[in-house]
Structure formats: structure tokens, C-alpha cells
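Report on one structure; see the data block that follows.
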Amino acid sequence: MSAYERPARLDDALKFRARVDCSVLAGGTDHFPVRVGRRVEESILDLSACRELRGISQTRGGWRIGATTTWTDVLETKLPPLFACLKRAAREVGGAQIQNAGTIAGNLCNASPAADGVPALLALDASVELASSVGRRTLPLEEFIRGPRQTSLRPDEILAAVLVPRPAYPARSHFLKLGARKYLVISIVVVAAAVELEDGAVRAARVAVGACSPVARRLPALEAALLGNRPSGSLVRPEHLSPLAPIDDVRADAGYRNEAALVLLQRLLEALA
Ligand SMILES: Cc1cc2nc3c(=O)[nH]c(=O)nc-3n(C[C@H](O)[C@H](O)[C@H](O)COP(=O)(O)OP(=O)(O)OC[C@H]3O[C@@H](n4cnc5c(N)ncnc54)[C@H](O)[C@@H]3O)c2cc1C
């Protein structure tokens, strides 16, 4: 028989997860649309009442974003300029209802190639903290998402938090999304970058592109080209996009995606200049 559990404490959630084969539910904005018209037969662990999983706090090494932190929470939390890319992503995920219910962890665990949160959090060098009743482990976001709809979560684990490290130099970031219309749209291309600057020159850079490969990818050659320079769109070369493997689908063809990614990256770096 299926069960529905909505615990107030993380410990109780982890015990249930260890005991029962269940689907994890947060805001439900990815979970429910793929089940329309189907009977709910699975057991559900609903994390939405776990207060300790919600909110953004500062830690010694950076910031901790609790798993059930919503996009609206991101927008309403005072954060340094480093987080501009995540705030901008938050503003562009769905509409107000989706931003109020949808969570950061849900966006990552759903592992859509077009998830807007993934490039933004890659640019922030994020890791994920995975919890089970026997302990916790931390994985870089790049290792957590293994393919479309595939993550490294074990059946007894939940994603408890997203961890963002404090940069070594003053940092800023930006995010741009291209869709077929301005709002409520699945990305055709999405780009995000964070740069750490000393005297105007880039000391560290992280640039990521989503919706152009099975999993959003960082662009190491472009990141290397930025080092020591002021951020500028003129530094972007077509060969920097070689980690991408865009496909043709109903939203755009591969050639268009490649061209759009190049232009978006140029605009992104101009905005960071
Ligand atoms: C109309 C509409 C518009 C949308 N627009 C966008 C958009 O513009 N950009 C975009 O990126 N997405 C968009 N989405 C998708 C979705 O809203 C986001 O991905 C959202 O962040 C998902 O969060 P959630 O809490 O609702 O996830 P849920 O639906 O609750 O969960 C999603 C998946 O993650 C798993 N999960 C959730 N939390 C955890 C956890 N803590 N531990 C382990 N597993 C977990 C669930 O089991 C499920 O498989 C849209 C969806 C809709 C319906």
C-alpha cells in the first residue's frame, strides 16, 4: 500500500526514506506535470514541511542553500553580487506561482538538460550535500548530475543543501536565457558566468552553458582565455564551445543553438565588463 509522509524534521524524513521505497516531493512543479491523468500509486515523502531544509545561511566557507529553498526565497534573500546569476535565473524560472513553489533542489534533482538553475550553480562552483539516515556526503554539482534525468542520488538519500564556496577575490556574475518568447519558456540556450576580479582583471572564471548538451557544461578553454584579462565579449571564440553537443528538437536546431550560445556568451561577458 502506498504511503504519504510529510515530516517536520529532517531526521524523520531520512528514517522514512531508509524504510520506504518512495518518491521525494518538494514543490511538485516537475513531479506532478509528468503524472497528469495517472493514479498515484507510489509512496511519497513530501519535504515541504521540513523547516530546517529551507533558507540561505552563511557558513565559514561560503553559503548554504537549504534543499527546499524556493526561487522566490532566492529573490527575497539579501545576497552579494556573486549571486546575481542565481537571482536572475530565479526571476526567469516559470512564472510567480512556479517561483513560489519550485525549489533549487528540485531543479537539480530533476536533471533536465534545460534546467535554468544548473548553469547558474555551476558558475557559482556549487556542491551538493546528500543526506541519508547513515550520514552525509558532498559532491561537486558537475559529478551529481550524470545525464538527462540521472543523478548520483542513492535510493536512501535526499539532497539536503547546495553549498556555494566564498570566492577568493571580489566576484560578480550574470545569467542570460534565450527562449522562444520572453516569459514562461523552456530555454533554447542558457548561459551563466561568475568572475573573480583583482584591479579589473579576471583572477578566476567559471562559465557554463545549458540546453546545449545532455548536461549543462562549463567551458574550460573560455575560462582560461579570460584569466588576466578584463571580461570582454571579444574573448569568446567558436572553438571555446567544443564541450557542447546541441541537438535538433522542437525548440531549435543544433546550428541555431550553437550560434545563439556564441552570441549569448559574448553578451554575458560584455555585461560583466
Ligand atoms: C509551468 C512551468 C514552468 C516552468 N519553467 C521552468 C523554467 O523556466 N526553468 C526551469 O529550469 N524549470 C522550469 N520548470 C520546472 C520546475 O518548476 C523547476 O525545475 C523547479 O525548480 C522544480 O522544483 P520542485 O521543488 O517543484 O521539484 P519537484 O517537482 O518537487 O521535484 C522534482 C524532482 O526532484 C526530486 N527532488 C526534489 N527535491 C528533492 C530533494 N531534496 N532530494 C531528492 N530529490 C528531490 C523529486 O523526486 C523529483 O524527481 C517549470 C515547470 C512548470 C510546471
Side-chain angles (χ1 to χ4, degrees), residues 4-7 10 13-14 16-18 20-36 40 42-50 52-54 64-75 85-86 88-122 128-132 136-137 139 141 144-145 148-163 175-192 208 210-211 215-216 251:
Y4 172 78
E5 188 80 1
R6 188 169 180 260
L10 175 60
L14 295 177
F16 183 82
R17 184 85 164 128
V20 180
D21 178 18
C22 60
S23 290
V24 177
L25 185 71
T29 62
D30 275 316
H31 177 90
F32 287 118
V34 293
R35 287 168 173 78
V36 172
V40 178
E42 72 219 271
S43 292
I44 302 273
L45 169 60
D46 181 346
L47 297 177
S48 61
C50 277
E52 67 209 272
L53 287 180
R54 188 151 180 187
R64 179 184 178 86
I65 306 175
T68 60
T69 303
T70 64
W71 294 108
T72 299
D73 293 336
V74 170
L75 285 170
C85 63
L86 192 64
R88 181 99 183 217
R91 211 167 285 126
E92 300 210 20
V93 168
Q97 296 97 328
I98 297 296
Q99 292 161 14
N100 286 340
T103 63
I104 306 294
N107 193 250
L108 301 185
C109 292
N110 191 53
S112 158
D116 289 329
V118 179
L121 286 162
L122 286 174
V128 292
E129 185 183 287
L130 308 177
S132 74
R136 295 189 183 220
R137 63 186 176 122
L139 279 183
L141 179 56
F144 175 66
I145 302 181
R149 317 283 173 194
Q150 284 176 353
T151 70
S152 302
L153 263 184
R154 294 183 191 137
D156 63 337
E157 285 179 323
I158 66 158
L159 195 163
V162 178
L163 309 173
F175 166 100
L176 290 174
K177 164 172 170 170
L178 174 72
R181 55 176 186 262
K182 184 79 186 96
Y183 294 107
L184 263 178
V185 69
I186 299 177
S187 295
I188 292 172
V189 178
V190 52
V191 296
V215 178
R251 287 189 289 282

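In each ligand, atom 1 is the first atom listed, and ligand 1 is the first ligand listed.
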Response to the item:
Ranked by distance from atom 9 (N) of ligand 1, the top protein heavy atom is Asp116 OD2, 2.8 Å
Discussion item. I'd like to check which ligand 1 atoms, numbered from 1 as shown, lie under 4.0 Å from a non-hydrogen atom of Leu47.
Written reply: 40 (C), 41 (N)
Worksheet item: Heavy atom under 4.0 Å from ligand 1: found in Phe32's side chain, backbone, both, or neither?
Response: neither
Discussion item. Are any of the N/O atoms on Glu157, whether in the backbone or the side chain, positioned under 3.5 angstrom from an N/O atom of ligand 1?
Written reply: no
Worksheet item: Where is the nearest protein heavy atom to atom 20 (C) of ligand 1: which residue, which atom, and how far?
Response: Thr29 OG1, 3.4 Å
Worksheet item: Of all the atoms in ligand 1, which lie at a distance below 4.0 Å from a heavy atom belonging to Ala115?
Response: 11 (O)
Item to complete: Taking atom 49 (O) of ligand 1 as the reference point, report whether a protein heavy atom occurs under 4.0 Å from it.
Response: no
Worksheet entry | Per-atom contacts, ligand 1 versus Leu153 - under 4.0 Å to a heavy atom | 43 (C), 44 (N)
Worksheet item: In terms of atom number and element, which parts of ligand 1 are under 4.0 angstrom from non-hydrogen atoms of Gly27?
Response: 24 (P), 25 (O), 26 (O), 30 (O)
Worksheet item: Can you find a non-hydrogen atom of Lys177 under 4.0 Å from ligand 1?
Response: yes
Response to the item:
heavy-atom search around atom 13 (C) of ligand 1 in the protein gives Val93 CG1, 4.0 Å
Response to the item:
Taking only non-hydrogen atoms of Gly94 and a 4.0 Å limit, the atoms of ligand 1 in range are 3 (C), 4 (C), 5 (N), 6 (C), 7 (C), 8 (O)
Worksheet item: So, do Glu42 and Cys22 sit near enough that their side-chain heavy atoms are less than 4.5 Å apart?
Response: no
Discussion item. Can you report which non-hydrogen protein atom sits closest to atom 18 (C) of ligand 1, along with the distance?
Written reply: Asp30 OD2, 3.4 Å
Fill in: Enumerated ligand 1 atoms positioned under 4.0 Å from heavy atoms of Gly28
24 (P), 26 (O), 28 (P), 29 (O), 30 (O)
Worksheet item: Side chain, backbone, both or neither: which part of Thr103 has a heavy atom under 4.0 Å from ligand 1?
Response: both
Worksheet item: Between Ser112 and Asn110, is any side-chain donor less than 3.5 angstrom from a side-chain acceptor?
Response: no
Practice prompt. Please tell me if the side chains of Thr69 and Val162 come closer than 4.5 Å, counting only heavy atoms from C-beta onward.
Written response: no
Discussion item. If the cut-off is 4.0 Å to any non-hydrogen atom of Ala67, which atoms of ligand 1 fall inside it?
Written reply: 41 (N)
Worksheet item: So which bit of Ala26 gets within less than 4.0 Å of ligand 1, heavy atoms only: side chain, backbone, both or neither?
Response: both
Worksheet entry | For Glu92, atoms of ligand 1 separated by under 4.0 Å from a heavy atom | 8 (O)
Fill in: Polar side-chain atom of Glu52 near backbone of Leu10 as donor-acceptor pair, under 3.5 Å
yes
Practice prompt. Would you check the N or O atoms of Gly102, main chain and side chain alike, for any that come under 3.5 Å of an N or O of ligand 1?
Written response: no
